[in-house]
Amino acid sequence: MEDDIILTGRVLSFTRTPFEGDAAGAARTDEAIALSGGRIAALGPLETLRRAFPGAGIRDYGNRLITAGFVDAHAHYPQTAIIASWGKRLIDWLNSYTFPEEMKFADPAYAQEIAARYLDLTAAHGTTTICTYCTIHPASVTAIFAEAEMRGQRLVAGRTCMDRDTAPEGLRDTAQSAYDESRALLETWHNRGRLSYAITPRFSPTSTPDRLAALGSLWAEHPDCLMQTHLSEQTDEIDWVLGLYPQARDYLDTYERFGLLGARGLYGHAIHLEPRERDRLRETGAALIHCPTSNTFIGSGLFDLPGLAGDGQRIGLATDTGGGSSFSMLRTMAAAYEIAQLRGTALHPAQLLWLATAGSAGALHMADRIGNLAPGMEADLVVLDLASTADIAQRSARATDLWEELFPTIMMGDDRAVHATWINGRETPRR
């Protein structure tokens with residue numbers, strides 16, 4: 001085929017989860033990977049792929065590492081312009097920075113500008129799939145979906161719903177309008193090419209019981225959709241929730257009683273969980289989304305990745321920009337490593353990379369399509385230079401295996417380490 005191409009380098013793919021057994025042995029490397037029609041056609045020796053794809057072009061990446069593109073399982077693209085805003089904890093941060101910025105997305109032109117900027121920035125950091133919150137404005141949803149569709153990019157997004165007076169005037173809906181507008185957007189965009197809709201109650205403190213019930217009904221009507229929200233990010237937030245919902249057994253129960261707990265649920269942060277909550281999340285197969293740079297930047301706490309993974313929880317990794325302080329999944333992996341160290345566990349580089357690729361893809365129920373390199377999967381890849389800066393190069397030169405060579409890039413790398421990003425079988429231009 002005309003668009004057949006073979007990439008050469010060190011092609012890394014996972015054969016199993018590195019959270020079971022020897023982490024270092026959870027992956028394999030190949031010499032080359034063939035792409036055809038937006039999908040991965042084959043991996044193996046270069047000469048074997050040349051014979052199988054005689055008309056294919058060749059792109060030689062030398063000794064650079066080729067791996068699955070990064071999957072960011074929780075982000076707020078409307079907060080792009082306010083990333084790294086100083087000095088607030090969660091509730092003050094929302095009122096001081098987030099809500100004023102989100103009001104601007106009533107303007108479709110502004111929404112389109114930020115959507116394009118956000119996808120440029122994340123692609124430059126090697127991120128190929130994102131699950132993002134939008135704002136209450138349908139234009140914010142249309143903008144990010146239309147921009148991703150134009151690029152052929154896999155994306156999950158949803159209209160953020162808030163109807164309680166704890167949210168400001170101008171960002172509030174009603175139970176009926178949340179249902180109606182979410183349903184209309186879902187019917188327009190869900191499963192359109194590489195796009196998926198996520199039902200999106202922001203969180204319980206900005207939701208009335210009627211609004212949560214309405215979105216629970218919508219999810220029951222469209223059970224193949226993902227549902228994303230926030231859970232137990234800060235202790236004062238939990239106190240706030242229990243004050244608003246005095247009949248609830250715990251924070252998770254404010255979702256569960258309204259039909260918003262399920263296997264396709266994505267629960268951001270999930271730091272301060274009660275034993276009952278941990279049990280119910282595991283029993284239902286819901287996904288917990290670890291947002292390490294956000295958790296430290298806003299002072300939320302230390303996610304118990306070692307304990308939760310050991311319990312068999314489904315876990316994804318995310319930047320949570322703009323509460324998160326970086327668009328980079330490399331920086332996010334580094335923060336996850338540091339937080340686990342504070343909890344007494346040194347995560348292996350294979351575990352960190354898996355969380356940012358196959359783990360997050362599994363959280364989104366897309367592990368059969370993205371997050372790893374295997375024949376038939378979608379051709380989303382990142383090419384990493386493991387000697388991108390002088391400080392990284394001098395350390396990686398001493399490495400005795402690939403994982404030791406990769407680790408300095410995880411800990412110190414940024415967009416300079418991303419030599420190329422491929423989305424849907426095509427190299428993404430740097431904008």
Side-chain angles (χ1 to χ4, degrees), residues 35 37-39 68-81 83 102 105 107-135 137-160 181-182 184-200 224-228 266 289 316 318-322 327-329 356-357 360-361 363-366 369-371 377-382 415 418 420-431:
L35 312 181
R39 293 189 175 271
F70 300 137
V71 180
D72 188 344
H74 179 116
H76 295 260
Y77 100 84
Q79 298 175 21
T80 296
I83 192 171
E102 290 191 358
F105 284 76
D107 177 1
Y110 187 73
Q112 194 282 325
E113 175 190 344
I114 299 299
R117 182 192 305 174
Y118 175 74
L119 292 182
D120 286 347
L121 289 167
T122 51
H125 283 282
T127 300
T128 55
T129 296
I130 299 150
C131 183
T132 182
Y133 291 63
C134 302
T135 70
H137 312 99
S140 71
V141 183
T142 297
I144 194 71
F145 274 137
E147 191 67 29
E149 184 175 55
M150 181 180 69
R151 299 167 187 234
Q153 184 166 359
R154 183 161 287 286
L155 183 104
V156 183
R159 175 192 181 277
T160 296
E181 292 186 8
S182 296
L185 290 162
L186 184 160
E187 291 175 346
T188 299
W189 295 106
H190 187 53
N191 289 336
R192 178 165 149 175
R194 304 189 75 200
L195 308 177
S196 301
Y197 192 85
I199 295 164
T200 308
D224 64 317
C225 283
L226 295 166
M227 189 285 302
Q228 59 180 351
L266 311 172
I289 310 302
T319 61
D320 189 31
T321 49
F327 296 103
S328 170
M329 289 296 284
T357 54
S360 285
L364 301 181
H365 292 261
M366 295 180 180
R369 287 165 278 174
I370 58 171
M377 298 192 75
E378 295 169 358
D380 294 342
L381 309 91
V382 61
D415 57 327
V418 178
T421 303
W422 288 70
I423 293 176
N424 202 28
R426 297 182 182 277
E427 186 174 3
T428 301
R430 294 267 181 154
R431 293 182 171 92

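Residue Gln228 comes nearest to Cys131 through the heavy atom pair OE1-SG, 3.2 Å, listed as atom of the first residue, atom of the second, then distance. For the residue pair Ala198 and Val156, the shortest heavy atom distance occurs at CB-CG1, 3.7 Å. Residues Tyr77 and Cys134 share a closest heavy-atom pair of CE2-SG, 3.9 Å. What you find for Ala148 and Leu195 is that their closest heavy atoms are CB-CD2, 4.0 Å. Considering every non-hydrogen atom in both Trp422 and Ala420, the closest pair reads NE1-CB, 4.1 Å. The two residues Leu35 and Ala379 make their nearest non-hydrogen contact at CD2-CB, 4.0 Å.
Under the rule for a salt bridge (charged side-chain N to carboxylate O under 4.0 Å, His left out), the partners of Arg192 that lie at least two apart in sequence or sit in another chain are Glu149. Scored by the salt bridge (charged side-chain N to carboxylate O under 4.0 Å, His left out) test, Arg194 finds Glu378, Asp380 as partners (sequence neighbours excluded).
Side-chain atoms of Thr200 never come within 3.5 Å of backbone atoms of Tyr133 as a donor-acceptor pair (strictly under, hydrogens ignored). With hydrogens and angles ignored, the 3.5 Å screen pairs a side-chain donor or acceptor of Thr132 with a backbone N or O of Ala75. At least one donor-acceptor pair closer than 3.5 Å links the side chain of Ser140 to the backbone N or O of Thr135. Side-chain atoms of Thr188 come within 3.5 Å of backbone atoms of Ala184 as a donor-acceptor pair (strictly under, hydrogens ignored). In this structure, Asp72 contributes its side chain and Thr319 its backbone to a donor-acceptor pair below 3.5 Å. For Gln153 (side chain) and Thr128 (main-chain N/O), a donor-acceptor pair under 3.5 Å exists by modelled atom type.
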Begin with the C-alpha distance, continue with both residues' side-chain angles, and end with the deciding distance and a verdict on side-chain contact (heavy atoms from CB on, under 4.5 Å) for Tyr118 and Thr321.
-> CA-CA 10 Å; Tyr118 175 74; Thr321 49; 3.9 Å; yes
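In this structure, Thr142 and Pro108 have side chains that are not in contact, with every pair of non-hydrogen atoms separated by 4.5 Å or more. Under the 4.5 Å side-chain criterion, counting only non-hydrogen atoms from C-beta, Val382 is not in contact with Met329. Counting heavy atoms from C-beta on, the side chains of Tyr197 and Arg159 come closer than 4.5 Å. Put simply, the side chain of Leu119 reaches to within 4.5 Å of the side chain of Ile144, judged on heavy atoms. Ser196 has its side chain within reach of Arg154: a pair of non-hydrogen atoms, C-beta onward, lies under 4.5 Å apart.
Distance check, rounded to the nearest 0.5 Å: CG of Asn191 to CG of Leu186 gives 8.5 Å. Distance check: His76 NE2 to Thr160 OG1 gives 7.0 Å after rounding to the nearest 0.5 Å. If you take CD on Gln112 and CG on Asp107, they are separated by 10.5 Å, rounding to the nearest 0.5 Å. We find the OH-NE2 distance between Tyr110 and His137 to be 12.0 Å, quoted to the nearest 0.5 Å. Separating the OG1 atom in Thr80 from the CD atom in Glu113 is a distance of 10.5 Å, to the nearest 0.5 Å.
Summarising the local packing, CZ of Arg426 is surrounded by 12 or fewer heavy atoms from other residues, nucleotides or ligands at distances under 6.0 Å.
Using modelled atom types and a 3.5 Å distance limit, the side chains of Thr127 and His125 yield no donor-acceptor pair. There is no side-chain donor-acceptor pair under 3.5 Å between His365 and Asp224.
Residues Phe327 and Phe70 keep their aromatic ring centres 6.0 Å or farther apart.
The one candidate from Leu266, Leu364, Asp320 that meets the side chain to side chain contact (heavy atoms under 4.5 Å, CB included) condition with Ile289 is Leu266. A side chain to side chain donor-acceptor pair (under 3.5 Å) with Arg151 is found for exactly one of Thr428, Asn424, Asp120, namely Asp120.
Between Trp189 and Phe145, the ring-plane angle classifies as parallel under the 30° and 60° cut-offs.
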